[in-house]
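Numbers for residues simply follow the sequence, beginning at 1.
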Amino acid sequence: MTEQGRVLVVDDDETVRDVVRRYLEVAGFDVDVAGDGTEGLRLFFATGPDLVVLDVMMPGLNGLEVCRRLRQVSQVPVVMLTALGEEENRIAGLQLGADDYVTKPFSPKELALRVASVLRRARMPRPEPSATELADGDLRLQMTARQASIGGVELPLTSREFDLLAFFLAHPGVAFSRADLLEKVWGWDFGDQSTVTVHVRRLREKIEKDPAKPVRVATVWGVGYRYDPVRP
């Protein structure tokens, strides 16, 4: 296996598979490919990849179902491929625990860079939290256990949603651009900033009484987002 690692590409489009494979191999990855979800799951358990590139729209076992099954047994990084305009699928993929998505048509070179970036972030040792708990009113984050609750009810946050909320709670009242959040929470110095937008939207749905009128995660027009504590 190369130093970069092994990537499994699951896509029913042979042209996409071949192009992505070539670019990833040039970038130094070992690559396995599958043409459908069933074959993708078989190869996943047979090869143990470091990251999975997964097309959402496939006949039979689609990418969302494959992602759901992967998350039952593994936290391997997943990058979803979605078609332009498939916002619901992007949201569903992120909710299932996908780490990132790339919209078709895409630049294979950018995808290879994104894969490398996601893997680099996944391999970074997670720093010990400076506080064991972060809190704001009835919102509580247990940092070492990585559990979140509001009003005593546990919140079903994905790993990235937890990281984003923890960052907001650690920096109340400070406005951050999407690029700032992409760098500080995702650890990327480039990428699709709409990834941040989708995660903020999902986070609001879980922590705000009325997501359409958020009081905790505020939009700062022309800048990005700011966390406003409900208590001083």
Side-chain angles (χ1 to χ4, degrees), residues 1-124 156-161 186-188 191-192 194-195 198-199 202:
M1 182 177 291
T2 65
E3 183 178 345
Q4 284 279 57
R6 180 175 294 277
V7 176
L8 172 61
V9 178
V10 187
D11 196 301
D12 63 324
D13 188 319
E14 184 177 1
T15 300
V16 171
R17 291 198 306 271
D18 289 345
V19 171
V20 171
R21 183 217 293 265
R22 288 200 302 272
Y23 272 83
L24 289 175
E25 287 178 342
V26 168
F29 294 98
D30 289 322
V31 183
D32 299 295
V33 297
D36 58 59
T38 301
E39 176 68 3
L41 284 174
R42 187 192 70 78
L43 280 175
F44 175 81
F45 290 107
T47 64
D50 298 293
L51 181 143
V52 178
V53 176
L54 184 59
D55 184 32
V56 170
M57 297 301 293
M58 294 184 291
L61 202 63
N62 67 32
L64 295 177
E65 177 61 19
V66 173
C67 185
R68 186 187 69 80
R69 296 190 188 188
L70 290 179
R71 281 293 170 260
Q72 290 176 340
V73 298
S74 173
Q75 289 302 310
V76 64
V78 174
V79 176
M80 307 287 289
L81 301 179
T82 67
L84 187 65
E86 289 180 355
E87 184 177 16
E88 290 185 2
N89 284 334
R90 292 198 294 274
I91 293 172
L94 294 171
Q95 187 176 13
L96 286 168
D99 295 84
D100 194 14
Y101 64 85
V102 176
T103 303
K104 293 181 177 180
F106 58 85
S107 159
K109 183 176 181 180
E110 180 182 349
L111 175 60
L113 290 172
R114 193 80 65 87
V115 165
S117 179
V118 170
L119 261 180
R120 186 167 56 251
R121 170 75 175 180
R123 289 167 171 167
M124 289 175 59
L157 300 182
T158 66
S159 178
R160 192 70 75 188
E161 288 167 355
W186 275 256
W188 305 342
D192 186 354
S194 61
T195 298
V198 171
H199 276 81
R202 293 296 307 168

Considering residues at least two apart in sequence or located in another chain, which fulfil the side-chain hydrogen bond (donor to acceptor under 3.5 Å, both in side chains) criterion with [X]?
| X | result |
| --- | --- |
| E39 | R42 |
| R22 | none |
| R17 | none |
| D36 | none |

What I'd like to find out is whether the side chain of [X] reaches to under 4.5 Å of the side chain of [Y], using heavy atoms alone.
| X | Y | answer |
| --- | --- | --- |
| L70 | L41 | yes |
| F45 | V73 | yes |
| Y101 | V198 | yes |
| V76 | F44 | yes |

Applying side chain to side chain contact (heavy atoms under 4.5 Å, CB included), can you list everything that pairs with F106, at least two apart in sequence or on another chain? V16, V20, L81, V102, K104, L111
A quick test of your reading: do over 12 heavy atoms of other residues, nucleotides or ligands sit less than 6.0 Å from CD of E14? no
Q4 side chain to A116 backbone, donor-acceptor under 3.5 Å: no
Which heavy atom of C67 sits nearest a heavy atom of V78, and at what distance? SG-CG1, 4.4 Å
Kindly give the heavy-atom pair with the smallest separation between A27 and A112, and that separation in Å. CB-CB, 4.3 Å
Nearest-0.5 Å distance, [atom1] of residue [X] to [atom2] of residue [Y]:
| X | Y | atom1 | atom2 | result |
| --- | --- | --- | --- | --- |
| L64 | D55 | CG | CG | 10.0 Å |
| M57 | D12 | CE | CG | 9.5 Å |
| L43 | L8 | CG | CG | 6.0 Å |
| H199 | T158 | NE2 | OG1 | 5.0 Å |

For R6, which of T47, D50, D32 qualifies under side-chain hydrogen bond (donor to acceptor under 3.5 Å, both in side chains)? D32
Enumerate the salt bridge (Lys or Arg N to Asp or Glu O under 4.0 Å) contacts for residues 69-78, please, sequence neighbours excluded, ordered by first and then second residue. E65-R69, R71-D99
Checking side chain to side chain contact (heavy atoms under 4.5 Å, CB included) for the pair V7/V115: CA distance, chi angles, key distance, verdict? CA-CA 9 Å; V7 176; V115 165; 4.0 Å; yes
Assess the residue pair F29 and L119 against the criterion (side chain to side chain contact (heavy atoms under 4.5 Å, CB included)); give the C-alpha distance rounded to whole Å, side-chain angles, the decisive distance to 0.1 Å, and a yes or no. CA-CA 11 Å; F29 294 98; L119 261 180; 3.5 Å; yes
